[in-house]
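Each remark here refers to the structure printed beneath this line.
Protein chains get the first letters and strands the later ones, always in sequence-line order, with residue 1 at the start of each.
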Amino acid sequence: MKWDDQGSSIKIFPPLDFNFQECLVFLARSDQEILHHIMGDYLYKLLKINGEFVLLKIGENEQSIQVEFPIRTPAQSIKEQAAAYIWKWFDLDQELEGFYDMANKDKLLKDIVHNHFGLRIIGIPELFQAMAWAIIGQQINLTFAYTLKKRFVEQYGESLTYEGNTFWLFPEPETIAKIDKDELLKLQFSKRKAEYVIGVAKAMESGQLTKEALLHQQDYQQVHDSLMAIRGVGAWTADYVMMKCLHYPNAFPIADVGLHQAIKHQLGLERKPTIAEIEEMSIYWEGWQAYATFYLWRSLYEW
DNA sequence: ATCCAGGAACTGT
DNA sequence: ACAGTTCATGGA
């Protein structure tokens, strides 16, 4: 991680191919999003670090990411953790030359990576949030998924209001582990999703499921198997979490209908491609399936 | 109304 | 291992 403490603000130095504006477009895709806000050219995000609310005002300054702290300047160690959060959030450890080399030769990806060069996978660093959001999004349209997430966060998350804007934190697993499934039914979760989300919360509360343990078992297949052993987590959810939280560039939610829509549109097909067809056309994505998928998702927001 | 949406578990073969 | 069925709820 490359960063610099400048007193009341910090600077983060991303790879040269990073494009902050492209990432902002993706972050702005839903007007129901309440876990971050975009105002003008700035991205606002509330974190809780060492028990302390830390509001980030994130902007671009030439080649660097500039982060200010509107509430108050935090201690140096907290500033470092905030920088680390952003580093992971924008997947800045990833070296993308290999991906771009591959994508420039791929008819399906070529135009998209050209149009959105510098976009990175916008992650979900917190494991519980990544899993709960994936479960919420299973088999429902994104609009409704955002509605459910908003209700969930406003019911169980902490918030802070600053200068008239309210910023929210995603609920902690310890909170959700204690609630009754009927409470989630009132928010219009299905019975199964209510069970799944509470089950994941309990597994995390008890320490059976941690991000650290998953990251420790490096092998893709091991992690995928571990995740799929959890009730409510199928192949799609496991790959989604490995892509958005665990930073596996080869994670591939191949059954994703958004991916299917993007491919259909990009190739001008009459129907959505089959899984077998996608396997065929993604042979050369090997190692970069997550980035290929993410760029295809990005292509959905311009037609 | 009808189809479908960033699926998963269950059941039967 | 694989295919078909059920679950579940709102958006367009």
Counting only non-hydrogen atoms, which of residues 272-290 of chain A are less than 4.0 Å from DNA chain B?
-> A:K272
The correct set of residues in residues 226-236 of chain A placing a heavy atom under 4.0 Å from DNA chain B is A:I230, A:R231, A:G232, A:V233, A:G234, A:A235, A:W236
Proximal nucleotide (of B:dA8, C:dG11, B:dA5) relative to the A:F144 side chain | C:dG11
Identify, with sequence neighbours excluded, every residue that meets side-chain contact (heavy atoms from CB on, under 4.5 Å) alongside A:E126.
-> A:Y85, A:I124, A:Q129
Contacts of A:Q208 that satisfy side-chain contact (heavy atoms from CB on, under 4.5 Å) - sequence neighbours left out = A:A203, A:S206
Contact class for A:K191 vs. all strands (heavy atom < 4.0 Å): base, sugar-phosphate, or nothing?
-> sugar-phosphate
Does A:T143 have a side-chain nitrogen or oxygen under 4.0 Å from the phosphate oxygens OP1 or OP2 of C:dA12?
-> yes
Non-neighbouring partners of A:K181 that pass salt bridge (Lys or Arg N to Asp or Glu O under 4.0 Å), sequence neighbours left out | A:E195
Using a 4.5 Å side-chain heavy-atom cut-off and chaining through intermediate ILVMFWY residues, the residues clustered with A:L16 come out as none
Across all chains, not counting sequence neighbours, the salt bridge (Lys or Arg N to Asp or Glu O under 4.0 Å) partners of A:K88 are none
For A:E60, check salt bridge (Lys or Arg N to Asp or Glu O under 4.0 Å) against everything at least two apart and list the hits.
-> none
For A:L55, the other hydrophobic cluster members (4.5 Å side-chain criterion, sorted by chain and number) are A:M39, A:Y42, A:Y44, A:L46, A:F53, A:I71, A:L160, A:Y162, A:F167, A:L169
Residues passing the side-chain contact (heavy atoms from CB on, under 4.5 Å) test with A:Q94, sequence neighbours excluded, are A:D91, A:L96, A:R120, A:P249, A:W288, A:Y291
Could you write out each protein N or O paired with an N or O of nucleotides 11-13 of chain B at a distance under 3.5 Å?
none

For A:Q138 and C:dT9, is the shortest distance between a side-chain N/O and OP1 or OP2 below 4.0 Å?
-> no
Identify, with sequence neighbours excluded, every residue that meets side-chain contact (heavy atoms from CB on, under 4.5 Å) alongside A:E279.
-> A:I254, A:I275
